[in-house]
Amino acid sequence: MKNTPSSPVIRGIGVTLPQTPGDPELLEDSLETLVRLGCDFAEIPLYAQTMIVNGGIQWPQVESFRRLCSRHPLRLTVHGPVSGNLMDDAHREAHAAVIRATIEIASALGSDTVVVHAGRTRDAAPDIVERLMGSERDAMRNLGDFAAGFGIRLALENLFAEPPYAFAANVERLGQQIAAIDHEHVMGTLDFSHAFLQTEWEGIDYADAVTAYAPYVGHLHVHDSFGKMKSTPTFLPTEDLALGQGDLHLPIGWGAIPFDAVAPRMRVRRGTTLIAELPYRYWSELEETVTRARAIAASLEYCSESLAAD
């Protein structure tokens, strides 16, 4: 979406749909819930569906999903493969093939946004990192050209360095990467929790980092955590919750991310979408999460409009 004065800064808020595939009743109920709560968008966790097999598209499954979603007045965004990694020399083309299939499916579903995870590597040597980031830039430009043919925006999402990986670009580095890719159909996703984990681990000021990244951002993932990298082996997500470690995807306000202090400083792109990535196990807190997400969106809208007027 072009950065025109007439377009809203935040075009809408939404929630990620449950990851359970092959359960149309749950999907129907979830979509109805989002409509009832006044959401504008639903984000499809395509990585958890059975629509891509060996790089090919299962069109009957796509059509069934499309028909169900079309019965509800929600716009859609799509989350691509969680394991996608364009800095993986050995499997880059396989990852790219899955992303291309995701783009085609997103278009068929009527979506204009596909979230793509930024790359990571097990070797943090500067020369290796720079070479692999160069490969990622080339791959993203090619995918951007492919996405342009479908009217799709690719939203490169910040991650954090978690074993077995030794490097994942922090938001400062990812902003530089998006600027270097320099493609109209490639923008950034800011995941607030991923950035919190990475900046706490690196000892970088969180507010400064996400504020600097914000101008590259056209998509937002909002959920909470405590900024503590996972350091103790666990068997269950509830054990990570008890320890307060890792990327917990908590309801907004359960963790330690300073949304109220950070959002009023951020100037994101016009047409940005805000998605609460709330796992289904926390949907008892969904109404409060949507309310808090709406408040964050209002802060971002006000900040971006105020800065634009300066």
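We use all heavy atoms of the structure for the numbers below, so side chains are in, but hydrogens, waters and symmetry mates are not.
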Is [X] salt-bridged to [Y], going by a charged N under 4.0 Å from an acidic O?
X	Y	result
Lys228	Asp240	no
Glu63	Arg67	yes
Asp208	Arg265	yes
Arg120	Glu162	no
Glu93	Arg100	yes
Arg141	Glu184	no

Mind checking whether [X] and [Y] have side chains closer than 4.5 Å, heavy atoms only?
X	Y	value
Glu285	Leu250	no
Thr113	Met187	yes
Phe160	Trp201	no
Ile275	Phe41	yes
Val115	Thr77	no

Looking only at side chains, do [X] and [Y] share a donor and an acceptor under 3.5 Å apart?
X	Y	answer
His72	Glu28	yes
Gln61	Thr50	no
Gln198	Asn170	no
Ser225	Ser193	yes
Gln19	His79	no

Using modelled atom types and a 3.5 Å cut-off, is there a donor and acceptor pairing between side-chain atoms of [X] and backbone atoms of [Y]?
X	Y	answer
Thr211	Met266	no
His223	Pro251	no
Ser107	Ile103	no
Glu136	Gly119	yes
Ser111	Leu76	yes
Asn54	Gly56	no
Asp40	Ile13	yes
Asp224	Ile257	yes
Thr199	Phe196	yes
Thr272	Arg269	yes

Checklist entry - Residues sharing Leu236's hydrophobic cluster, by side-chain heavy-atom contacts under 4.5 Å among ILVMFWY, directly or via others? => result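 In the cluster with Leu236 are Phe235.
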
Item to check | Where Leu156 and Tyr213 come nearest, the two heavy atoms and their spacing | outcome: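 Where Leu156 meets Tyr213 most closely, the heavy atoms are O-OH, 3.4 Å.
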
Checklist entry - Minimum heavy-atom separation for Pro18 to Pro45, with atom names? => result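 In this case the closest contact between Pro18 and Pro45 is O-CG, 3.8 Å.
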
Item to check | His194 and His221 aromatic centres sub-6.0 Å | outcome: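 Centroid separation for His194 and His221: 6.0 Å or greater.
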
Separation between [atom1] of [X] and [atom2] of [Y], rounded to the nearest 0.5 Å:
X	Y	atom1	atom2	answer
Ile252	Glu277	CD1	CD	11.0 Å
Ile99	Leu154	CD1	CG	8.0 Å
Glu301	Ile10	CD	CD1	6.0 Å
Asp29	Leu34	CG	CG	11.0 Å
Gln177	Asn158	CD	CG	13.0 Å
Asn85	Arg92	CG	CZ	8.5 Å

